[in-house]
Protein chains: 2
Amino acid sequence: MTTIEWNQEQALALKLFVVMTRSLESVKRNVEHDIRSHGLNPTEFAVIELLYNKGDQPVQKIGEKVLIASSSITYVVDKLEKRGYTQRKPCPNDRRITFVSITEEGRSFMDEIFPSHVEAIESIMEGLDSEEKEQAIDLLKKLGKSTKL
Amino acid sequence: MTTIEWNQEQALALKLFVVMTRSLESVKRNVEHDIRSHGLNPTEFAVIELLYNKGDQPVQKIGEKVLIASSSITYVVDKLEKRGYTQRKPCPNDRRITFVSITEEGRSFMDEIFPSHVEAIESIMEGLDSEEKEQAIDLLKKLGKSTKL
DNA sequence: TTGATTTATCTCTAATTTGAGATAATAGTA
DNA sequence: TACTATTATCTCAAATTAGAGATAAATCAA
């Protein structure tokens, strides 16, 4: 055990960090539960959702948006491909680039599960009313924008 | 590409989820950067910080508080032990239990780095003033409490 | 006391993720 | 053109994490 005094602002910053972490852990646990009920893990879902909602993407773009390393994208896309949900398409202009594209099978899978996924998120966020959600969005956006890395 | 209409509340819930995720990603990236500068990964730091601030803990308690599986705790504690930062102590009353305890070496390491870690978090959270931090804390607490899992 | 159940930790395997190169293609410049 | 630097993806090894049992100890009820 250690007793060290922090100033007010440090205590507040630490508390915010802990609360953000715990709160998002809870939310993610609930969202993940919904996703796994559809037979995907969160990363697989994030990738296929990106392709479903934003169209074909080069491997690297996927990595940037889902925030995982390109070597992991290769792994995840391989798994989605084995299920028949995605396919790779070479870029005609730049042969270094491989697009990843959702298949018809992947699309109809998402057509089937995505609406209930959105409902699940709506329900998970029910603890805040509309105004509170907007406040939280504004505060978190402001915080996110202010960070260095 | 798909065009589906969501109602207002669903759109807000989705946006909040995305903003929470992104914002905490940014914050964590910055916090992690500080932690790694001290030669630890975030999980190792979480465990040693728990022992430093809350005293000896049974393996399972560590898992509950840091939210990782007990098998992973074994792995992390093994690594901290190899560095000389922690040691295991059998529980005298209940021989099923093993306490993990911070060593003198671990304590003086934390004495050295913890103040600058707190300053780093204060600096990372500077984007919000005190009042905004308190608002964010209240909203996120409320959201976290309302979740099922 | 015995037997069944629960609890705590650990072992082992599999899944996931990262990071360091390897490879191949493109772009820029002399 | 030839050389260098950059870019995009992939391969491979290592680190991390979770999950399924194994083991040992404690608890509870008959």
Side-chain angles (χ1 to χ4, degrees), chain A residues 21 24-25 28-29 31-33 35-48 50-51 56-83 85-101 149, chain B residues 21 25 28-29 31-33 35-51 56-83 85-101 149:
Chain A
T21 303
L24 188 57
E25 272 167 359
K28 276 200 172 159
R29 190 161 43 243
V31 173
E32 190 173 325
H33 181 260
I35 289 172
R36 289 195 188 277
S37 76
H38 301 300
L40 294 176
N41 74 33
T43 310
E44 290 163 350
F45 184 81
V47 171
I48 196 171
L50 176 67
L51 302 175
D56 300 358
Q57 305 283 330
V59 170
Q60 199 173 44
K61 280 286 169 203
I62 298 176
E64 284 167 22
K65 300 195 180 176
V66 177
L67 285 189
I68 59 177
S70 70
S71 52
S72 304
I73 300 294
T74 301
Y75 173 75
V76 173
V77 169
D78 284 349
K79 290 206 313 176
L80 289 172
E81 240 176 44
K82 275 179 200 153
R83 294 192 192 215
Y85 290 167
T86 63
Q87 71 193 101
R88 287 176 166 87
K89 289 181 179 174
C91 173
N93 308 323
D94 188 336
R95 280 187 299 168
R96 294 171 306 178
I97 296 176
T98 306
F99 283 102
V100 184
S101 171
L149 305 180
Chain B
T21 302
E25 272 166 359
K28 276 201 170 158
R29 189 160 45 242
V31 172
E32 190 173 325
H33 181 260
I35 288 171
R36 289 195 188 277
S37 75
H38 302 300
L40 295 175
N41 74 34
T43 309
E44 290 162 352
F45 184 82
V47 171
I48 196 171
E49 191 202 323
L50 176 68
L51 303 174
D56 300 356
Q57 304 283 332
V59 171
Q60 199 174 45
K61 281 285 168 204
I62 297 177
E64 284 167 22
K65 299 195 182 177
V66 178
L67 285 189
I68 58 178
S70 72
S71 55
S72 304
I73 299 294
T74 300
Y75 173 77
V76 174
V77 169
D78 284 349
K79 291 206 313 176
L80 288 172
E81 238 176 46
K82 275 179 199 153
R83 294 192 193 216
Y85 289 166
T86 64
Q87 71 192 99
R88 287 177 167 86
K89 290 180 177 173
C91 173
N93 309 325
D94 188 336
R95 281 187 297 166
R96 295 170 305 176
I97 296 176
T98 306
F99 283 103
V100 183
S101 171
L149 303 179

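Lettering of chains follows the sequences in order, A, B, ..., and the numbering in each one begins at 1. Bear in mind that the values here come from a model prediction, so they are computed numbers and not experimental data.
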Item to check | From CA spacing to verdict: side-chain contact (heavy atoms from CB on, under 4.5 Å), A:Arg36, A:Asn41 | outcome: CA-CA 6 Å; A:Arg36 289 195 188 277; A:Asn41 74 33; 3.6 Å; yes
Item to check | side-chain contact (heavy atoms from CB on, under 4.5 Å) assessment of A:Leu149 paired with B:Glu32 | outcome: CA-CA 10 Å; A:Leu149 305 180; B:Glu32 190 173 325; over 6 Å; no
Checklist entry - Does A:Arg29 reach the side chain of B:Leu67, with side-chain heavy atoms less than 4.5 Å apart? => result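 A side-chain contact under 4.5 Å exists here.
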Checklist entry - Counting only side-chain N and O atoms of A:Arg95, is one of them less than 4.0 Å from OP1 or OP2 of C:dA24? => result no
Next on the checklist: Using side-chain contact (heavy atoms from CB on, under 4.5 Å), reason through A:Thr43 and A:Ile68 one step at a time and then give a plain yes or no.
Outcome noted: CA-CA 9 Å; A:Thr43 310; A:Ile68 59 177; 3.5 Å; yes
Item to check | B:Val66 versus B:Ala46, closest heavy-atom pair with distance | outcome: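 Heavy-atom minimum between the residues: CG1-CB, 3.8 Å.
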Checklist entry - How far apart are the closest heavy atoms of B:Leu51 and B:Ser101, and which atoms are they? => result CD1-C, 4.4 Å
Next on the checklist: If I take atom CZ from residue B:Phe99 and atom CD from residue B:Gln87, how far apart are they, to the nearest 0.5 angstrom?
Outcome noted: 13.0 Å
Item to check | side-chain contact (heavy atoms from CB on, under 4.5 Å) partner of A:Val59, chosen from A:Val77, A:Ile97, A:Ile73 | outcome: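 Exactly one pass, corresponding to A:Ile73.
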Next on the checklist: Out of the candidates B:Val76, B:Val100, B:Thr86, only one should pair with B:Val47 under the side-chain contact (heavy atoms from CB on, under 4.5 Å) rule; please name it.
Outcome noted: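 Among B:Val76, B:Val100, B:Thr86, the one meeting side-chain contact (heavy atoms from CB on, under 4.5 Å) with B:Val47 is B:Val76.
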Item to check | Presence of donor-acceptor pair under 3.5 Å, side chain of A:Arg96 and base of D:dT7 | outcome: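 Between D:dT7 and A:Arg96, which were checked side chain against base, a qualifying N/O pair under 3.5 Å is present.
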Starting from [atom2] on [N], measure out to [atom1] on [X] and report it in whole angstrom.
X	N	atom1	atom2	result
A:Glu81	D:dC10	CD	C1'	13 Å
A:Phe99	D:dT7	CZ	C1'	14 Å
A:Glu32	D:dT17	CD	P	14 Å
A:Gln60	C:dT23	CD	P	20 Å

Next on the checklist: Angle between the two end axes of the helix from C:dT1-D:dA30 to C:dA30-D:dT1, five base pairs per end, rounded to 10 degrees?
Outcome noted: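 Inter-axis angle at the ends, rounded: 20°.
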Next on the checklist: Let's see if you can work this out: which of C:dA25, D:dT9, C:dA8 has an atom nearest to the side-chain heavy atoms of B:Ile97?
Outcome noted: C:dA8
Item to check | Comparing A:Asp94 and B:Val59 on DNA chain C - which has the more 5′ nearest nucleotide | outcome: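 The residue closer to the strand's 5' end, by nearest nucleotide, is B:Val59.
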Item to check | Note: A:Lys61-A:Glu64 ion pair, threshold 4.0 Å (strictly below) | outcome: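 A salt bridge is present here (some side-chain N lies under 4.0 Å from a carboxylate O).
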Checklist entry - So, are B:Arg88 and B:Asp78 salt-bridged, with charged N and O less than 4.0 Å apart? => result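 A salt bridge links B:Arg88 with B:Asp78.
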Checklist outcome for this item: In 5'-to-3' order, the base (B), backbone-only (S) or no-contact (-) status of each nucleotide in nucleotides 11-20 of chain C, using a 4.0 angstrom heavy-atom cut-off, is B---SBBBB-
Item to check | DNA chain C contacts made by residues 86-93 of chain B, counting heavy atoms under 4.0 Å | outcome: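 Residues of residues 86-93 of chain B under 4.0 Å from DNA chain C: B:Arg88.
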